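Worksheet: the structure to be examined is printed underneath.
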Amino acid sequence: MHSLDGRYSIVYNGEIYNYRELRGLLAAHGRTFRTDSDTEVLLACWAQWGAACLARLRGMFAFAVFDHAALTVTCARDAFGIKPLFYCFDGGGFSFASEMPALLAVAPIRPAIDQQSAYDYLVWGRYDDRPQTFIDGIQHLLPGHVLALSLQDRRAVDPVRWWWPSIEERDDLTFSQAAEELREKFLDNVRLHLRSDVAVGAALSGGLDSSAVVCAMRYVEPDMPIHTFSYVARQSGFDEEPWADMVNHHVRAIPHKVVVSPAEIAGDLEDMMRAQGEPFGSTSIYAQYRVYRAAREQGITVVLDGQGADELLAGYHGYPSGYLSSLLRRRRYWEALRFLHFWSRWPGRGRRRAILELGSVLVPSRLSGMAWWAIGRRREPRWLRADILRESGVSLVPPVFGECEEESDRRCLAGALRTALTRVGLRSLLRHGDRNSMRWSVESRVPFLTNDIAEFLLTLPESYLLSEKGETKSVFRAAMRGIVPVRIIERRDKIGFQTPQAEWLAANAGDVRNWVLACNVLPFINETEAVSEVERVLGSPNRASSEAWRLVNFSKWACMQ
């Protein structure tokens, strides 16, 4: 789209949910409009405020603006990286796209695999947490960053961060006041995310986050039909069907359930791999892939999702090492021990896990390699030809995550959440969701992830998020009373989208072996030892299978390139 005066042109992927409010503000500045689209509003925002407009946007976006007068191209990505943006400098040219295959199609020569990314994924399970992709020379524009390029001198400025939320603690809100304000912000977010000219549904697991989204949809729209889509793992320890049923009954939803057999993933896995574009951490995202397919089959092309709440609200197990670090740095030793006692009593935790969390705080980061060794992780597993990687300049140092930054000296939990939102953790989850939903032409919206709600939550007292009794998402649970069923609010377990990965691998053992054996294009992998590692897992479905899965996934992906 081009601006009215012809100065700016934009290509854009995403949704700006507050575009109507921005349109009114721009009209007051004298801007006129030809359409009712958010694209035109975004273009007018850029013309009015330049890059300063980014902080005003509530939505998900990746876009590029060409300034015909200044001869510059500026690429921008939303604060959390909900929408993808890849780019490449090659042969004096600059290419950018929403998907990697587009860049591969215009590359002068076929790029090689990025060996550092390959090693970090295969050995440590690390991916999507830095600019480099699995393809050498192709990079992600990181979340919350802009990249400017001058066409006059073909000079690119390094990407610049446009969003970095403060974690400085505010002390002007009681717990009850914070819960009330959070309630209003969340309901307003859901209201904005429901703006659509097509039917809107929701992904429902039965956990607090997705349940809150569905119940909030009913709260703000009492009469709208709500279609929910749930993955059901019947006769397994992962089944949340009763919880989803409770929410569906509460809001009078139209439920749709997905039940998956091991044979189905074998038939769909290659298609999902192509959709993802790069290797991923586990088969758990197949449940999500099928949920979006079910939505498409029912004619629902916009789906709300609870992604991001765990990273905003100290979910999962609560990021206890961050909270402990804050207490210890404030010399509140008794409170730290008391917190660990209560925290350990929640399901899935226990005293052993509590001791490990305390140890992670007390052990210096320079000894992290010993910690990896203690839990059986080796920087040079037998199936790896480490000498080849070293000759290529690959670093074999284990990653260090979760250190309390200097800026967050006494706010280590808030700092850990900010890291999870912007650096490590959420990025890969959002990639999975975007690729899985777009594979079926379904738009996945994530109402937890807006700048304003993140900036609000990251400045609250840490005990509002993770309580002194070990309760995760404490302030949000309080905020949702009267909207979400009490039994959901008081759930103490955390399951999420989980699939019986080891059983699936074993049930499809023949295909899995062939995938590893068929790929002989990876000189840094000892094929015989790699097959042996996979065989050990296939022969014992109860064995932890994350490393074997990564070998299978990476081998299959590499053969597809």
Side-chain angles (χ1 to χ4, degrees), residues 86 88 100 103-104 107 110-140 142 273 276-283 285 365-403 419 423-425 427-429 431-432 501 505 512 515-537 544-561:
F86 298 94
C88 178
M100 196 180 297
L103 296 183
L104 295 176
R110 190 71 176 178
I113 290 174
D114 186 284
Q115 294 189 0
Q116 184 69 63
S117 296
Y119 171 78
D120 289 340
Y121 167 76
L122 288 166
V123 176
W124 309 115
R126 173 184 176 183
Y127 62 104
D128 287 358
D129 62 347
R130 55 186 186 156
Q132 288 74 22
T133 68
F134 284 87
I135 299 295
D136 188 34
I138 296 180
Q139 299 192 71
H140 305 277
L142 293 180
M273 287 180 175
Q276 286 295 314
E278 297 180 89
F280 46 91
S282 76
T283 60
I285 73 168
S365 60
R366 64 179 179 275
L367 300 180
S368 60
M370 294 178 62
W372 285 111
W373 178 86
I375 62 173
R377 299 282 289 276
R378 304 291 185 266
R379 69 173 68 187
E380 298 180 24
R382 287 182 299 180
W383 46 262
L384 185 76
R385 291 194 168 102
D387 55 331
I388 294 177
L389 293 177
R390 286 197 189 89
E391 290 173 5
S392 300
V394 173
S395 170
L396 307 187
V397 176
V400 177
F401 300 133
E403 279 197 302
T419 296
R423 292 180 177 174
V424 180
R427 287 185 192 174
S428 59
L429 299 177
R431 186 254 275 195
H432 303 158
Q501 176 170 286
L505 288 174
V512 168
W515 290 343
V516 179
L517 287 168
C519 190
N520 54 9
V521 298
L522 301 171
F524 51 86
I525 290 182
N526 182 317
E527 186 179 314
T528 302
E529 290 291 346
V531 172
S532 296
E533 174 63 28
V534 173
E535 291 279 4
R536 281 192 286 273
V537 172
S545 58
S546 57
E547 185 174 289
W549 161 254
R550 293 195 297 271
L551 279 166
V552 170
N553 188 189
F554 190 84
S555 297
K556 181 64 173 175
W557 171 82
C559 289
M560 292 163 58
Q561 301 309 300

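Note that the structure is a prediction, hence the values are computed from the model and not measured. Basis for what follows: all heavy atoms, side chains included, without hydrogens, waters or symmetry-related copies.
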Acceptor/donor pairs from residues 131-140 side chains to any protein atom, 3.5 angstrom cut, sequence neighbours excluded:
unit_1, atom_1, unit_2, atom_2, d
Thr133, OG1, Ile135, N, 3.1
Thr133, OG1, Ile135, O, 3.1
Thr133, OG1, Ile138, O, 2.7

| message | Can you confirm whether Ser117 sits close enough to Arg126 that some side-chain heavy atom of one is under 4.5 Å from a side-chain heavy atom of the other? | response | no

| Validation row: Ile113, Leu522 side chains within 4.5 angstrom (heavy atoms) | yes

Looking at every non-hydrogen atom in both residues, tell me the closest pair between [X] and [Y] and how far apart they are.
X: Ile525; Y: Leu122; value: CD1-CD1, 3.9 Å
X: Phe524; Y: Ala118; value: CZ-CB, 3.8 Å
X: Arg550; Y: Val123; value: NH2-O, 3.4 Å
X: Arg385; Y: Asn526; value: NH1-CA, 3.6 Å

| said: Is it the case that the side chain of Trp383 and the backbone of Ser532 share a donor-acceptor pair, with hydrogens and angles ignored and the cut-off at 3.5 Å? | reply: no

| request: Would you confirm whether Gln276, through its side chain, and His432, through its main-chain N or O, come within 3.5 Å as a donor-acceptor pair? | output: yes

| query | Given Tyr127, which of Trp557, Tyr121, Tyr119 fulfils the ring pair (Phe, Tyr, Trp, His ring centres under 6.0 Å) condition? | reply | Tyr121

Holding to side chain to side chain donor-acceptor pair (under 3.5 Å), I want the full list of residues that pass it with [X], two or more places apart in sequence or in another chain.
X: Ser428; result: none
X: Glu278; result: none
X: Glu380; result: Arg390
X: Arg427; result: none

| request: Using distance alone, with no hydrogens and no angle criterion, decide if Trp124 and Glu547 have a side-chain donor and acceptor under 3.5 Å apart. | output: no

| What do the steps show when you test Asp129 against Arg423 for side-chain contact (heavy atoms from CB on, under 4.5 Å), and what is the final call? | CA-CA 6 Å; Asp129 62 347; Arg423 292 180 177 174; over 6 Å; no

| request: With sequence neighbours left out, write down each residue that passes salt bridge (charged side-chain N to carboxylate O under 4.0 Å, His left out) with Arg382, or none if nothing qualifies. | output: none

| note | The reported gap from CG in Asp120 to CD in Gln115 (rounded to nearest 0.5 angstrom) is 12.0 Å

| Does the gap between the ring centers of Phe554 and Trp549 come in under 6.0 Å? | no

| query | With sequence neighbours left out, what residues match Ser395 under side chain to side chain contact (heavy atoms under 4.5 Å, CB included)? | reply | Gln116, Val397

